[in-house]
Q: 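Please find one structure pasted underneath; my questions will follow.
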Amino acid sequence: MATASLVFAGKAVATPVISYMLNKAFTYLVNYWRTEDMESVKAELLKMLPHVQAVFDAVDWDNIKEQSAALDAWLWQLRDAVEEAEDSLDELDYHRLKEEVKARDEQEASGSVSKLKGKLIRKLTKHVPKNGMFKRLKESVEGLHKAIAGVKDFIGFVNKVGVVNHFMDYELKMKGRQFQTSSRSTAVEVFGLEKEKDIMIKWLTEPTGNDPADTNLRIFTIVGHGGFGKTTLAQLIYNEKKVQGCFDICIWVSVSSPFDALTITEGIIEAISKEAPPANTLEALHAILEDRLISKRFLLILDNVWNDNDMDGWEKLLAPLRIGGAGSTILLTTRLKSVGDMAGYALGLKVRHLKLDGLLEKDVLMLFNRHAFSGLNIDCCKNFHSLGEQFVKKISGCPLAAKVLGAHLRDNMKYMYWKKILQEDLQNLQLGMDGVIKVLSLSYHHLPSNLQMCFRYCSIFPQGYRFGKKELVEMWLGSGMILQTTDETKALEDIGGGCLDELARKSFSEFTSEKKEGVVLEEYYAMHDVLHDLAQAVSSGECLRVGVIRSMKIAKSVCHLSVRLVNSVHLKELCHLNNLRSLVIEFVGDDSSTNYSIAFDEVLKSFKSLRLLSITAKCWFDMPDAVSKLVHLRYISLFSTKRSFLMSVHKLFTLYHLDTLKIMEYSEGKTLKLNGMSNLVSLRNLHVPYGTISSIPRIGKLTCLEYLDGFSVQKKVGYTVSELKNLAQLRHLCLREIQNVDLREVLDANLKEKKQMRTLSLHWSSHEVVAENTDDLVLDNFQPHSDLEEFYIIGFSGTKLPFWITKSYLVNIVLLKIINCCKIEHLPSLANLFSLKNLYLQDLSVLASMGCMHHECDKIPIGCSHSFQKCPSLVDFSGGVDDIESKEISFPPYLSTLTIRGCPQLMKLPTLPSMLKQLKIQKSGLMILPKMYKNYNYIEGSLAPPNESQLTNVLIEYCPNLKSLLHCFLGQDVTLTSLRELHVNQCEKLEHLPPNGFMGLVNLQILEVSDCSMLKKSGMEVKLLPSSLEQLSIKSCGELENILINSLAGLESLTLLELANCNHLISLPSVETFETLTAFRVLGLYDCPELSSLDGLQCLTSLSKLTIRRCCSLTKISSLQPPSQCWSSQDDSTDNSLKLEALFIDDHSLLFVEPLQSVRFTRRLSLLGDPIMTSLPEQWILQNRTTLSSLWLWNVKSLQCLPSSMKDLCHLQSFTLFNAPLINSLPDMPASLKYLSIGCCQTTLAERCRKGGCDWSKIAHVTLVKINGNEPLAMAPAEPPCSVKFVDMEHKGSAMSSFKPGKSLPSPNSIPDLPASLSNLILQNCHTILADRC
C-alpha cells in the first residue's frame, strides 16, 4: 500500500474535524444519556488534540514508513476510529430525521400544531434503545479516545524531527537544492516548443502601446506542470539574440521556495553585478537595485515561482522594478496560473499567460528515442521501436516523462522487460527521486489538505473525463469530501465550487468552454493525463478505479471505488470492503437480471458506511432491496438502458440523509408512485426525467431542495405554486404551466425572500384567453430576490415586462432571455441592468421598438410597466430610421452577447454598447443596422468600457427589409479592428455594402455572404477583402460575385473558400491569383452552372480537400476530353503538384477533367449521387492505389459491378456502398480493408455477403462489416467544412438525443439548427437538396 495515501489518514481527519465531531457527540450524550463518567474523557480528548496536530505537522507523508512503521499503523487506526465515530453520529442523525418526518405527517393528519417539539423528543428517545445507538456512540467515542491516546508514543518522534516543520524542511531541500536553475540550458537537443518559443519572442519584442494608460512594466508567465519544459523554454528565450537585442539588461533568478523578497532581490542584484550585494536590508537593496535599473529596459526571468498567497511579499519584491525603462518585462515560470495573477494584482497590470500543455506526439517520440537508443546500433533496436511508440502514447506529451522513462529503459534493453513495463501503469515504475510523479508531487504538497482530498478523489474517474462543475461538486459532497466545521453560513455547494475553482487556478484542473461558431455547447473541467497519474499515485489505498474486475485483490482500506463488471461472479471481490464510502459501478455483459441483482443485493449489505452509490446498468437489472438499508447514503445516481429504475424508486423513500437523487432515463407513459418522495427531507438536488417532478405531490415538504427543474403548476392541491413557500434554499427554479397559477397564490410562493436563488425560468405553455392584465400581474408578483443571476421568460402572454426588471433592482443579473412572448410590442430600456452580459430576444412576433420613448405629453410608453410613468429621459423612435441620437442608450453598458431572432416587426435597434462581443440578428424586420456608441455610459466609480469596440462575431441572417450596410457599426472606426467573424445571409433586399467592402475590417478572419442576390457593384472599389481573411464563403451575391472573387489575390492567410450559386462564374481565378494563396487547403464549388474550367487548380500545392457538386458545365467538357492511356505501374512516379487528401464529387466524369485526371496520392474519394455511372473509373482509382484509404459510393443507381482490381487497392481501409441496386456480387477485397458497409442494395448481395454466403470468403478478413439490406445507413459522408455558421441551440430540445422524422412529414429541403445533445440523426427518402445540404 502506497504511503502517500496516509495523507487521508492524517490531514483528512485533522483536529478541527475531530473536535467538531466530539462536540456533536457529547451534545447527543448529554441530552439522552448519563454522561457523568464521560466528562473526563471529553476533557482529556480535547487536551490531546494539539499533540495530534503536532504529529500531523511533523510527518513526512512520502516517507512515513521509513520514519516509523508504528506511526504508519497508528494513523490508520486513528482514521478507522474517526470514521466509526462519524458513522455513529450519522446513524443518530438518521433516526432523528426519521422521527421528524413521522411527527410532521402525524401533525398534518391530526391538524394539531401544539407541543410538536416535545412530542418529537419523546418519540426520538422512545425509538432509540439505550443499549442501541447511544451505546454504539459511547463506544465509538471511547475508541477514539483510545486511538488518540496513542499519540503519546510519538511525542518523542515529534521532538526528534522538530515541530518547526519537518515537512517544510523536506520541501526546502527538494526545491532549494535540486531545482536551482540558471539561464544555461542543460539540454543537448530541444524537441518541440518551436511554436511556443515564437509566441513568447513575439510578446517580448513587440513594441509597447501608445496608450497613456500603459506603464513601463509588462508581465508574462509560462504556466505548465512539472517536467513540461517551462524552464527549458525560458532558457531558449533568454539566450535568443533577438530577445537580448531588445533589452539593456537580461536577468535570470531561480526562485523556488520559500518566497522571500529580500533573498530574491539579492539574487537579482547579484545576477546584474556578478557579485553579492554589499547590503542585507530591504531598504538598502531596493536603493541599489533602483540605481542599476533606472531608465533601463530590462528582462527579468523568475524561474520556478510558487507564491500565490503572499501579496505583501510580491509588493516588496516588485516595488523597485517600476523604475525601469519603457518595455521592461518580467517573465515568470510557474506551475500555478494563480502565481501570475497575484503578481499582476501587485503591479496593477494585466498578465498574459502562455500555457504548456505538453509536446506533440512526434516530438515526444524523438525525445524518447534520443534517451532510449542513444549510442546503440539502430539495426539492433528495430524491434523496440513499436514498443517505444506505445510508451509515448502513455506519456501524454510530458517531456520529463519521455526523458526519464527513455533513460531507464536504455539500461534494460530486453524486449520482454519493455513489454512488461508497457503493460503496467507507468506510475508504478520506481524511477528514483527524479521520477515524474515525484516531481509533480511537489505541486500536490503545496495544496491545502482539503484540496488534496478533492484532487485524490478525481482518480476514480477515467483519464480524459470531463467534469461538469455541478456533477463533481455533488459527488464530492455526497462522498464527504467537503467539510463544514466553521463557517456554517456558507452553502456547502459554494464551498465545493470554490474548491474546484481553486484547483483550476492552481493548474490541477482546467476549465474549458467548448464553443461552436460562437455558441457555448459545453462547459467543463478536465485533468491532464499526467495529473491523473499523480492522483492515482497519491491516493493509492484510498481511491481506486478498476477497468474490469478479474481476480485482482482490492485493498481493504479503499474508501472510494469505481469498477466495471462483466460477470456477477466478480462481485464477491468487493465483499471485504467494509470501509467503502463511494461506489461507482457499471454492469455490462449477458448475465440475467437475477444473477446481477441478487448478487449485488448481498454485496450491498456489507457496505454499511456507504455515502455515494452510482449504478450504470447496460443489462437487465433491478434496483436491489438492500439500498433502502443504506442509512448513510447521501448521493445516488441510477442509469439503466434496459429497465426503469423509476418503477422501483419507492425503495429510496426511507433514505432520510439523501442529498442528491439522479435518475437518468425516459419516463413517458409510466405510472409512478411518488407519494413517499416527500420523506427525503435532506434532498437538495433532484435530477429526474422530464415530467417526473410533476408527479411528486407536496413537493414543498422537501424544504432543503436547491435544484428544482420542471415543476409544472397544476390546479389541484399539492401541485400549486404555493408548494414553493417553504423552499427557502432554492438556487435554481424552473416553473412550467404558469397559465395555471392562481394570482392569489403567487405571493405565497415568496420568491422575493429566497436569497439563494440564482436562476429563475418561467414557462407559459399556452396562450389561452385570460382576464385582461392577469399575466402581467402574475409576472409582477413573481418578483425574485435581487441577487438573481439568470432569468428566463418563455411563452408569456402579457403585454409588458414586470416593473422590477427595468429598474436597478436586479443588481447581479448576467443573463436575460425573453422568448415566444406574442403580445409584447415594446421593450423598455434595460440600461440600468449594469451586470447584464447576455440578452436573448426570440420569437417576439409583435415587438416593434426597444428603449424608452419620449413624448411631449405624459403618455406612458407602450410595453412599459406602470413604474415607468415618471421616466425622465426617454428617446423617440417614431422618427425616421436614420435618426440616431446620443440619448438612445437602451442596452446595458457591459452587454457582451446580444441575440435577436424572430422579431419581424422590429425595424430598428438602439445604439450598441462598445463592450458587445457577439451580435446575432436573425429573422427580423430591421431596415438598417445600428451604430455603436463609443462613449457609452457606465457606472460611476467603476472601470469604464474601452474606447475600442470588443465586437468579434456578427451574424445578420433572414432580414428581408435590410437594404444597406452603410451608416452602421460596420463603417465606424471603433469596430474596424475588433471584428473577427462576419456572416451576412439571406437578406434578399440588401443592395449596398460599404464602398470599400470589407477592407477596413483589418482583422477579419471569417466572412460569409450568401443569398443576397440584389447586391450592386456600383460605387464599389476593386479590392473588397482584407488580407487577414482565413475563411470565405460566397453564395449568390448578385453583381458582387466576380468583384469578390477577383479580390482573392494576396490573401496569404486564406485556408478555405466556398463558391456556391455563382451564376456568373465561368472560370476559377487565374494561376497568378492562386499562387498567392499559400495557405489554401479547402475548396468547395456548388451550383455554379457556367463554370467550365478548373484551370489554375494545378498550382494550389497546399490544397487538400476539394468538393464539386452540381457544376454541370464541367461535366459537359469532360465528355470532350478523351481518356488518357491505360494505367501502368510506372505512372506512379508522374509529378503532379496537386495532391488531394480528399475529393468529393457527384459525377465520375469529373475525373477525366484536368487537373483532376492526373491527380495521385488521394486518400479519400466520395462519389455522391452519380445517376449515370455504370462502372468505376478504374484507371483513376488504380493510379491512387498506394494512398487511397477510404472509398464512398453513394446513390450510384446505374453502377453495374465493381472491378476485380479492387483487391489491388493495398491501403484501402474503409469502403461504403449505398443504394447501388444493380450490384449483386462483390469482387475480392484488399487485405487492408477494416470497415465495409453495404446499405440499400439488392437482397441477393446482402445474402451473399453474410457469413456462409458466396462472397463471405472475400470479406471474412474485414474487422467490421455492416450489412443493412434495404435499411439506410445512419449517417452520410461528411463533406469538408466549407463555411461557418452561427448555431442557436438554447431552446431546441436540450435533452434530445435521437431524431428520426416520420414518413408522414412533408419533404423539407433544409433542416433547422439542432441541439448539441443530439447524438443520432436519421434522414431517409428525403429531398435531394436536403441530402446535398447535409
Side-chain angles (χ1 to χ4, degrees), residues 1 5-6 8-9 12-13 17-18 20-22 24-25 28 75-98 128 132-144 147 453-454 456-457 460 474-484 539 541-544 554-563 571-585 600-615 624-637 651-652 654-660 682:
M1 184 186 305
S5 62
L6 288 172
F8 177 83
V13 291
V17 181
I18 299 174
Y20 173 80
M21 286 194 298
L22 284 175
K24 187 174 181 179
Y28 268 116
L75 284 169
W76 282 109
Q77 179 189 357
L78 178 60
R79 188 200 77 164
D80 292 343
V82 169
E83 290 186 348
E84 171 61 21
E86 184 184 5
D87 284 351
S88 300
L89 282 169
D90 205 56
E91 192 173 336
L92 276 169
D93 278 342
Y94 173 87
H95 280 271
R96 175 182 57 79
L97 291 171
K98 179 180 178 180
V128 181
M133 285 175 290
F134 287 128
K135 182 178 179 181
R136 180 188 177 190
L137 177 60
K138 181 175 181 292
E139 290 174 349
S140 67
V141 171
E142 291 171 345
L144 186 59
M453 188 160 53
C454 292
R456 295 196 304 272
Y457 186 85
I460 70 172
E474 286 177 356
M475 294 187 72
W476 278 347
L477 290 172
S479 299
M481 297 293 105
I482 308 299
L483 306 175
Q484 189 178 55
S539 65
E542 174 197 358
C543 305
L544 179 66
I554 299 175
K556 186 178 180 180
S557 60
V558 167
C559 290
H560 310 288
L561 174 68
S562 174
V563 65
L571 278 167
K572 64 182 181 182
E573 304 288 342
L574 308 178
C575 291
H576 65 290
L577 302 177
N578 298 327
N579 294 316
L580 206 60
R581 296 296 180 100
S582 308
L583 177 61
V584 179
I585 190 165
F600 189 53
D601 193 72
E602 288 299 314
V603 170
L604 275 182
K605 294 175 183 178
S606 304
F607 304 152
K608 297 185 183 300
S609 298
L610 201 65
R611 262 66 173 175
L612 178 144
L613 177 61
S614 176
I615 300 174
D625 293 331
V627 170
S628 61
K629 304 297 183 183
L630 299 175
V631 297
H632 302 292
L633 209 59
R634 259 67 175 184
Y635 176 108
I636 186 164
S637 173
K651 297 180 181 180
L652 308 178
T654 57
L655 301 178
Y656 301 107
H657 274 311
L658 197 63
D659 177 278
T660 297
S682 299

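These figures come from a predicted structure and were not determined experimentally.
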Q: Please enumerate all residues that pass salt bridge (Lys or Arg N to Asp or Glu O under 4.0 Å) together with R634, with sequence neighbours excluded.
A: D90
Q: Drop me the distance from K572's NZ to L574's CG, to the nearest 0.5 angstrom.
A: 11.5 Å
Q: If every non-hydrogen atom of N578 is compared with every non-hydrogen atom of S606, which pair is closest and at what distance?
A: OD1-O, 3.7 Å
Q: Would you sort out whether L577 and L583 count as a side chain to side chain contact (heavy atoms under 4.5 Å, CB included), showing the intermediate values?
A: CA-CA 10 Å; L577 302 177; L583 177 61; over 6 Å; no
Q: State, with a plain yes or no, whether a side-chain heavy atom of L97 is found less than 4.5 Å away from one of V631.
A: no
Q: With the side chain counted from C-beta on, respond yes when L655 and V627 share a heavy-atom pair under 4.5 Å apart, and no when they do not.
A: yes
Q: Nearest heavy-atom pair of V603 and C575: which atoms, and what distance?
A: CG2-SG, 3.8 Å
Q: Starting at CD1 of I636, measure out to OG of S614 and round the result to the nearest 0.5 Å.
A: 9.0 Å
Q: For a quick test of reading the model, state the closest non-hydrogen atom pair linking H560 to S582 and the distance between them.
A: ND1-OG, 2.7 Å
Q: Taking the side chain as every heavy atom from C-beta outward, state whether F600 and I585 have any pair of such atoms under 4.5 Å apart.
A: yes
Q: Before you tell me yes or no, could you show the steps for D659 and S682 under side chain to side chain contact (heavy atoms under 4.5 Å, CB included), namely the whole-Å CA-CA distance, both residues' side-chain angles and the distance that decides it to 0.1 Å?
A: CA-CA 6 Å; D659 177 278; S682 299; 5.7 Å; no
Q: Angle class for the Y94/H657 ring planes (parallel below 30°, perpendicular above 60°, tilted otherwise)?
A: tilted
Q: Do D87 and R611 meet the salt-bridge criterion of a basic N to acidic O distance under 4.0 Å?
A: yes
Q: Checking T660 against L477 for the side chain to side chain contact (heavy atoms under 4.5 Å, CB included) test, could you report, in this order, the C-alpha distance in whole Å, the side-chain angles of both residues, the deciding distance, and whether it holds?
A: CA-CA 9 Å; T660 297; L477 290 172; over 6 Å; no
Q: Which heavy atom of S628 sits nearest a heavy atom of K651, and at what distance?
A: CB-O, 3.1 Å
Q: Sub-3.5 Å donor-acceptor pair from the side chain of H576 to the main-chain atoms of I554, do we have one?
A: yes
Q: Atom CG in L658, atom NE2 in H632: separation rounded to 0.5 Å?
A: 14.0 Å
Q: Quick one: pull up CD1 in I615 and CG in L604 and give me the separation to the nearest 0.5 Å.
A: 6.5 Å
Q: Which value, rounded to the nearest 0.5 Å, describes the distance between Y457 atom OH and I482 atom CD1?
A: 10.5 Å
Q: Could you check V558 against N579 for side chain to side chain contact (heavy atoms under 4.5 Å, CB included), going step by step and ending with a plain yes or no?
A: CA-CA 7 Å; V558 167; N579 294 316; over 6 Å; no
Q: To the closest 0.5 Å, what do you measure between OG (S637) and CD (E474)?
A: 9.5 Å
Q: May I ask you to decide if L612's main-chain N or O and S479's side chain share a donor-acceptor pair within less than 3.5 Å?
A: no
Q: Determine whether R581 and S609 make a side-chain contact, defined as any pair of heavy atoms from C-beta on separated by less than 4.5 Å.
A: yes
Q: So with a 6.0 Å cut-off around NZ of K629, is the heavy-atom count from everything else above 12?
A: no
